[in-house]
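Notes to accompany the following structure.
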Amino acid sequence: MYVELKNINKSFGDFKASDDVSFEVEKGKLVGLLGPSGSGKTTILRMLAGLEKQDSGDIYINGMNVNSLPASERGIGFVFQSYALFPFMTVNANIAYGLKVQKKDKAFIKQRVDELLELVGLPDVGKRYPDQLSGGQRQRIALARALAPQPELLLLDEPFAAIDAKVRKELRTWLRETIDKIGITSIFVTHDQDEAIEVADEIIITNQGRVEQVGNPVEIYLEPKTPFVAQFIGQSVMIDDIGRLKGFTAPNGKGTAVIRPEFLEINKFEDDGYHEFESAMEDAVVEDISFRGNAFEVRADIDGIKVIGRYPLSSPKLKRGDSVKIFIKKLYTIDGGTTEILVNKALDVSDLYYI
Amino acid sequence: MEKNTKRSSSGVWQKILRCGVISWIIIITVWGLGSLAYDEYFLPSPKETLDSLLLLIKNGTLWADIVASVGRVVKGWLLAIVFAVPSGLLIGNFKHVRWLVEPILSFFRFVPAIALTTLFLMWFGVGEESKVALIFYASFFPIFVNTIAGVATTDKSLVEAASCMGAKKARTFFTVVIPSAVANVYTGIRLGLSSSFICVIAAEMLVGSNGLGYLINSSKLYYKTSWAFAGIVTLAVIGFLADRLLQFAGKKLLKHFGVK
């Protein structure tokens, strides 16, 4: 393993930022540290960089224990959320900073700076100052500066947080491609699950200073291991009493569960014909409907249980107050610290062809 | 077309208003009208003030006084810069020293230089030294305090960025901390200059035989109120020009250090 954290603990006063954190990162992987704000993800990144010191536990980089190594000797590239470009230096001087520290000769520095400006797609901004660049450009320059001294590990703290939505999407793809091109092991922090799912090879989900789950995006999405992950990922809705829903009985009498929009099938039957699973469907009232590009997002009320689902654009038109029938295909039950997938019983007995 | 000319003419008006010409016309008019109600020994008119000014220029007194005052200001102020900036940079960088110095600073902040005039006269004599020392004291504090603040408020992420790129403390201090403090140091230097001007007048009014403060103070001996006015106007003009010059230089040279 290239990066290893073993039983890391860190407190700020009464606040436990890291609670026995352990994980490993393979060489060359792009890993996303995902969690709500205050979950301790940035602290982990800062401890890795040597900007913060853990209270206990060990950090290994490339097999070497770096506990007592200051930030200046770890050789890690760090991209700050606020970019932290030196405002009193030109772009060229910013990128050259780390190379000057390494006492490289002038010709080499110039060549490397040009190379990096080329890499980040901004070959003409070298003589400008950071305040003459847009947010997205600053982000690219911050990355170029972090990469200039050829670090073995790149850390990015909320790299897209300060950039407007449209550029953010573009920049995500670009970052993924750029990191692939160099093949550098990278860890980035984000609170945005779409960002993590889209960009990362592997996601580490943190909550209240603990690591909840580590896995690739598909695994995390389809098989959440803890109740927190089940709720946090996807557009999830928590319900309290699944015993009230048709086709489900609560295991051990505990009935808390999470429903994702894709687990619902919303129907508006305009004829009285035969419909598969109709007896297993819940009667619901549409509370709100909004257009989401590829589908409608429907908020509905099943006798007091509020759910969110998708409704195809091609289906009969829906409006607020309409009665619909909702088939709940499956849900994630939550029992203490574990979570499990529960499939509607109607699907168990019928032909699997219809799933 | 018509709309365009309208907009540009209102733009011209805004420019005139902003450059302050109108404000000056108003002040001088009010002053002129006010002076009609009093005799010249109480409130000399703008015209009488100008006449005195021309007379003082002609006989060379004004020029000699300007040179004396400005010379003292520049000496004391430059001396203060030379001492306050480096010590402020160092003290700001070491928080333990800063904590040691801060209580002393906040104590002396409420002791204006003028309050020390008598002491300085006893310690440094009635010559140039006491005046320069007083100006030094007056401009040292704003420069020192602002320099310390500039260092102490350096954006932490800039320092961290430097250390992630391998920079050790000394290099970070020279390449990141000092440049970050420049805007504050500059503000301190400007404030120091204005306190120097206040101070030099007070010192010259108390002792000495030349300078603008002496001119203003001695006008009472000759019952020449208009001389005092001439001195005050000269002082205002010099102070204004000096500050504008400093501001212009700051904007031109230190733009990228956050000086606005």
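The sequence lines fix the lettering, A, B, ..., with proteins before strands; numbering per chain opens at 1.
- Residues A:Phe80 and B:Glu160 are in side-chain contact: their nearest non-hydrogen atoms beyond the backbone lie under 4.5 Å apart.
- No side-chain heavy atom of A:Ile76 sits less than 4.5 Å from a side-chain heavy atom of B:Cys164.
- Few gaps surround NZ on A:Lys16; more than 12 heavy atoms of other groups in view lie less than 6.0 Å from it.
- For B:Val182, no part lies under 4.5 angstrom from a heavy atom of chain A.
- A distance of 8.5 Å separates NZ of B:Lys255 from OH of A:Tyr129, quoted to the nearest 0.5 Å.
- Using a 4.5 Å cut-off between heavy atoms, B:Lys169 makes no contact with chain A at all.
- Within a 6.0 Å sphere centred on CZ of B:Phe108, heavy atoms belonging to other residues, nucleotides or ligands number 12 at most.
- For CZ of B:Phe174, the number of neighbouring non-hydrogen atoms (other residues, nucleotides, ligands) closer than 6.0 Å is 12 at most.
- Heavy-atom proximity under 4.5 angstrom to chain B picks out A:Arg145 from residues 145-159 of chain A.
- Residues of residues 88-102 of chain A placed with any heavy atom under 4.5 Å of a heavy atom in chain B are listed by number as A:Phe88, A:Met89, A:Tyr97, A:Gly98, A:Lys100, A:Val101.
- Taking 4.5 Å as the limit, every side-chain heavy atom of B:Asp155 sits out of range of all side-chain heavy atoms of A:Pro87.
- Other residues, nucleotides and ligands contribute over 12 non-hydrogen atoms within 6.0 Å of the NZ atom of A:Lys53.
- Of all heavy-atom pairs between A:Leu85 and B:Leu158, the closest is O-CD2, 3.4 Å.
- Considering only heavy-atom pairs separated by less than 4.5 Å from chain A, the leading option among B:His256, B:Lys156, B:Lys168, B:Arg171 is B:His256.
- A:Ser72 and B:Ala167 make their closest contact through CB-O, 3.5 Å (heavy atoms, listed as atom of the first residue, atom of the second, distance).
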